[in-house]
Amino acid sequence: MGNTSNPLRLQKRHGSGAGSDATAADGKRLVDAQSIRDATIAGIITIIVFSLLWAAMTSLVNRVFPWMTVVLGYLLGFAIRWAGRGVDWQFPALAAALAVTGSLVAHIVIAADYTAETFATDTLYILQSVTSMTWPVFFDEVLSAADAFYAAVSAGLAAFLANRRLTREQYYALRLWRGE
């Protein structure tokens, strides 16, 4: 029959069917390009900027939106993907840990900002005045089960988004390098 086209068949969009030119050396280059240090730095910067912006927004509208920690997870996932260029399990684990930590840090900053407004002082002064007796009050009065739920969702989203997205050729090269 040769090269006749059947009008009832869908057009193939998956490639030509030719073999890949990827090698194990390409997979090694992918692994060598990842940086846990850069991902950590990008995550910490994201947490700091997000905490300040969330505190400013909370002060502006005079309302706390606990679901904003999910936005933090989204931003952390993309920051770690962009900076870390990771292809293994360390980057989702880092993203999840930073999302939970960032959620806690953001809540601390918001509580300090609210307390500073109440006492007509500076937020940094409140943060510097924290003692061991402050923490039980913080955990009893500020954090709730909803905050823990949003932190868990944030961690899952950050972990999902943290790894680098690979093309078929890159994935095949990575599998060759790993010996799979």
Side-chain angles (χ1 to χ4, degrees), residues 13-15 20-61 63-114 123 127 138-139 142-180:
R13 295 183 183 220
H14 297 293
S20 176
D21 295 334
T23 63
D26 295 331
K28 181 166 176 28
R29 277 193 290 277
L30 284 171
V31 171
D32 290 343
Q34 60 188 1
S35 171
I36 198 83
R37 180 185 59 89
D38 292 349
T40 304
I41 291 170
I44 290 170
I45 291 171
T46 303
I47 289 171
I48 292 169
V49 170
F50 178 82
S51 296
L52 294 175
L53 290 176
W54 191 15
M57 186 185 81
T58 300
S59 293
L60 185 66
V61 297
R63 188 167 175 201
V64 177
F65 298 106
W67 51 264
M68 288 293 287
T69 55
V70 177
V71 175
L72 173 64
Y74 183 81
L75 295 173
L76 274 172
F78 276 107
I80 290 173
R81 178 194 298 181
W82 174 77
R85 304 183 52 82
V87 293
D88 58 7
W89 64 271
Q90 297 170 346
F91 294 89
L94 173 69
L98 284 177
V100 171
T101 304
S103 173
L104 184 61
V105 167
H107 279 90
I108 290 169
V109 170
I110 289 172
D113 187 50
Y114 177 77
T123 304
L127 287 172
F138 171 76
F139 285 111
V142 176
L143 292 182
S144 67
D147 295 323
F149 172 76
Y150 286 125
V153 170
S154 174
L157 184 61
F160 177 75
L161 295 172
N163 265 348
R164 181 178 174 181
R165 300 296 180 236
L166 301 175
T167 64
R168 288 178 185 227
E169 293 235 350
Q170 290 172 330
Y171 184 72
Y172 181 65
L174 188 63
R175 288 190 61 189
L176 284 175
W177 183 79
R178 289 181 179 161
E180 296 176 4

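Side chains are part of it too, since the values below use all heavy atoms of this structure and drop only hydrogens, waters and symmetry mates.
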Item to check | Non-neighbouring partners of Ser51 that pass side chain to side chain donor-acceptor pair (under 3.5 Å), sequence neighbours left out | outcome: none

Checklist entry - What's the shortest heavy-atom distance between Ala22 and Ala173, and which atoms? => result CB-CB, 3.7 Å

Item to check | Partners passing salt bridge (Lys or Arg N to Asp or Glu O under 4.0 Å) against Arg178 (at least two apart in sequence or in another chain) | outcome: none

Checklist entry - Nearest 0.5 Å, what's the CG-CD1 distance between Leu75 and Ile47? => result 11.0 Å

Next on the checklist: For residues 157-180, which residue pairs pass the ring pair (Phe, Tyr, Trp, His ring centres under 6.0 Å) check, not counting sequence neighbours?
Outcome noted: none

Checklist entry - Which heavy-atom pair separates Phe138 from Ala111 by the least distance, and what is that distance? => result CE1-CB, 3.8 Å

Item to check | Value rounded to 0.5 Å, distance of OG1 in Thr58 from CZ in Arg63 | outcome: 10.5 Å

Checklist entry - Quick one: side chain to side chain contact (heavy atoms under 4.5 Å, CB included) partners of Val100, sequence neighbours excluded? => result Ala155

Checklist entry - Side chains of Ile36 and Leu94: closer than 4.5 Å at any heavy-atom pair? => result yes

Next on the checklist: Let me confirm one number: the CG-CG distance from Leu72 to Leu53, rounded to the nearest 0.5 Å.
Outcome noted: 11.0 Å

Item to check | Side chain proximity check, Gln170 to Leu30, heavy atoms < 4.5 angstrom | outcome: yes

Checklist entry - Is atom OH of Tyr114 surrounded by more than 12 heavy atoms (other residues, nucleotides or ligands) closer than 6.0 Å? => result no

Next on the checklist: Applying ring-ring contact (aromatic ring centres under 6.0 Å, His included), can you list everything that pairs with Phe65, at least two apart in sequence or on another chain?
Outcome noted: Trp67

Item to check | side chain to side chain contact (heavy atoms under 4.5 Å, CB included) against Leu52, all qualifying residues, sequence neighbours excluded | outcome: Ile48

Next on the checklist: Could you check whether any side-chain heavy atom of Val49 comes within less than 4.5 Å of a side-chain heavy atom of Trp54, counting everything from C-beta outward?
Outcome noted: no

Item to check | Partner set under side chain to side chain contact (heavy atoms under 4.5 Å, CB included) for Leu161, not counting sequence neighbours | outcome: Tyr74, Phe78, Arg81, Leu157, Arg165

Checklist outcome for this item: Contacts of Thr23 meeting side chain to side chain contact (heavy atoms under 4.5 Å, CB included) (sequence neighbours excluded), chain-then-number -> Ala25, Asp26

Next on the checklist: Show the nearest heavy-atom pair for residues Ala162 and Ala95, with the distance to one decimal.
Outcome noted: CB-CB, 3.6 Å

Checklist outcome for this item: For residues 30-43, the side chain to side chain donor-acceptor pair (under 3.5 Å) pairs (sequence neighbours left out) are Lys28-Asp32, Gln34-Asp88, Ser35-Asp38

Checklist entry - Tell me, which pairs form a side chain to side chain donor-acceptor pair (under 3.5 Å) where one or both residues lie in residues 143-164, sequence neighbours left out? => result His107-Asp147, Ser144-Asp147

Item to check | Heavy-atom pair of closest approach, residues Ala158 and Leu76 | outcome: CB-CB, 4.3 Å

Next on the checklist: Using side-chain heavy atoms (C-beta onward) and a distance below 4.5 Å, is Thr46 in contact with Leu98?
Outcome noted: no

Item to check | Distance, nearest 0.5 Å, that separates OG of Ser103 from CZ of Phe50 | outcome: 8.5 Å

Checklist entry - Nearest 0.5 Å, what's the CE-CD1 distance between Met68 and Ile110? => result 8.5 Å

